[in-house]
Amino acid sequence: MKIVIFDQLPVPVAKICLTARIVMDQVNDRTDDYGGSLENRCRFRLQVVKAVADEIGADRIGLRLSPFANFNDCADSNPEALGVYMAKSLSKYGILYCHMIEPRMITQFESQKTKDSLLPMRKAFKGTFVVAGGHCREDENEVVARDGADLVAFGCLFLANPDLPRRFELNAVLNKYDRNTFYTRDSIVGYTDYPFLQTDN
């Protein structure tokens, strides 16, 4: 038997997975202990966190949340309240980090203008706070400098640029990602075929 050891485990609770959909009041129509109030709708998600924390330790758990998501008929009428409640609840467990998707990424791919902000969640979570969604090289440092987050995560840019930190350091041109290759069954095209930066060093 092969044993695989991980330093950290991200618990999937964002976008359209079960633990994301069950907290959204426009999806969850249950009438038992897992439906109705905000506390009830978040109960299952927090039970998952506790179960994993009891098994491997809360300091090895990270969660990615998307309270403002609104696609595939999955949305909440008060995403800020949902996000703040989860941030406060997760703080009690002492998890490694909380990773939130920016409100402007209300749909799966396209960024939209909005007055909503992750700042209330940032203030509510007592730990490492990570943000993602529509960020670029120019604004990542600004977000951290104004205390909007401890870290900025990149998805699409990292996929298309396997050496993204190096490119940022050199202010080099970035490869453009191709959305047509996202979520395909091909294990190479769109995933491992983007070129590395060619330098003399």
Task: Considering all heavy atoms, the nearest I61-V49 contact - done: CD1-O, 3.9 Å
- [ ] Give, for atom OH of Y34 and atom CZ of R45, the distance between the pair rounded to the nearest 0.5 Å.
- [x] 14.5 Å
Open item on the list: If you count heavy atoms of other groups shown closer than 6.0 angstrom to CD of E138, is the number above 12?
Closed with: yes
- [ ] Report the residues that fulfil ring-ring contact (aromatic ring centres under 6.0 Å, His included) with F168, sequence neighbours left out, ordered by chain and then residue number.
- [x] F154
Open item on the list: Does any part of the side chain of L63, heavy atoms only, come nearer than 4.5 Å to the side chain of Y97, both counted from C-beta?
Closed with: no
Open item on the list: Rounded to the nearest 0.5 Å, what separates atom CZ in F196 from atom CG in L164?
Closed with: 11.5 Å
Open item on the list: Given 3.5 Å as the limit, does a donor-acceptor pair link the side chain of D163 with the main chain of R166, or not?
Closed with: no
TODO: Please confirm whether the backbone N or O of V23 pairs with a side-chain atom of R41, one donor and one acceptor, at under 3.5 Å?
DONE: yes
Open item on the list: If I compare all heavy atoms of A160 with all of K176, which pair ends up nearest, and what's the gap?
Closed with: CB-C, 4.2 Å
Open item on the list: Rounded at 0.5 Å granularity, tell me how far CZ in R122 sits from CG in D150.
Closed with: 4.0 Å
- [ ] Would you mind listing every ring pair (Phe, Tyr, Trp, His ring centres under 6.0 Å) that reaches into residues 117-143, with sequence neighbours excluded?
- [x] none
Task: Results of ring-ring contact (aromatic ring centres under 6.0 Å, His included) for Y85 - residues two or more places apart only - done: none
TODO: Keeping the roles fixed (side chain from N28, backbone from I22), state whether a donor-acceptor pair exists under 3.5 Å.
DONE: yes
TODO: Mark yes or no for whether S66, through its side chain, and A69, through its backbone, hold a donor-acceptor pair below 3.5 Å.
DONE: no
Task: Ion pair E142/R146, N-O distance below 4.0 Å - done: yes
TODO: Supply the atom-to-atom distance L174 CG to N161 CG, rounded to the nearest 0.5 angstrom.
DONE: 5.0 Å
Task: Validation row: Y93, V52 side chains within 4.5 angstrom (heavy atoms) - done: no
Task: Test side-chain contact (heavy atoms from CB on, under 4.5 Å) applied to M121 and E80, K88, M86, the passing residue - done: E80
Open item on the list: Are F158 and V144 linked, directly or through intermediate hydrophobic residues, by side-chain heavy-atom contacts shorter than 4.5 Å (ILVMFWY only)?
Closed with: yes
Open item on the list: Quick check: do E102 and V131 have side-chain heavy atoms less than 4.5 Å from each other?
Closed with: yes
Open item on the list: Measuring only between side-chain heavy atoms, which start at C-beta, is L90 closer than 4.5 Å to L65?
Closed with: yes
TODO: For N175 and P195, indicate whether the former's side chain and the latter's backbone hold a donor-acceptor pair under 3.5 Å.
DONE: yes
Open item on the list: When you measure from the side chain of R43 to the backbone of D33, do you find a donor-acceptor pair of N or O atoms at a distance under 3.5 Å?
Closed with: yes
- [ ] Taking R137 for its side chain and A172 for its backbone only, find out whether a donor-acceptor pair lies under 3.5 Å.
- [x] yes
TODO: Starting at CZ of F182, measure out to OH of Y177 and round the result to the nearest 0.5 Å.
DONE: 6.5 Å
- [ ] Indicate the atoms forming the closest heavy-atom contact of R167 with V173, along with that distance.
- [x] NH1-O, 2.6 Å
Task: Minimum heavy-atom distance S187-T192, with the two atoms named - done: O-OG1, 3.8 Å
Open item on the list: Between S91 (side chain only) and K126 (backbone N and O only), is there a donor and an acceptor less than 3.5 Å apart?
Closed with: yes
Task: R64 side chain to I101 backbone, donor-acceptor under 3.5 Å - done: no
- [ ] Decide yes or no on side chain to side chain contact (heavy atoms under 4.5 Å, CB included) for T181 and Y191, but give the supporting numbers first.
- [x] CA-CA 8 Å; T181 62; Y191 289 95; 5.8 Å; no
Task: Audit row: D25, S77, side chain to side chain donor-acceptor pair (under 3.5 Å) steps and yes/no - done: CA-CA 7 Å; D25 61 9; S77 61; 2.4 Å; yes
Open item on the list: Please give me the minimum heavy-atom distance between L118 and P103, naming the atom from each residue.
Closed with: CG-CD, 3.6 Å
- [ ] Report yes or no: do I56 and I95 belong to one cluster of Ile/Leu/Val/Met/Phe/Trp/Tyr joined by side chain heavy-atom distances under 4.5 Å?
- [x] yes
Task: For A132 against A153, the heavy-atom pair lying closest together - done: CB-O, 3.6 Å
Open item on the list: Any heavy-atom pair between the side chains of V130 and V152 that's under 4.5 Å?
Closed with: no
Open item on the list: Quick check for you: to the nearest 0.5 Å, what is the distance between C42 atom SG and L82 atom CG?
Closed with: 5.0 Å
TODO: Could you check if a side-chain atom of P67 sits within less than 4.5 angstrom of a side-chain atom of M100, using non-hydrogen atoms only?
DONE: yes
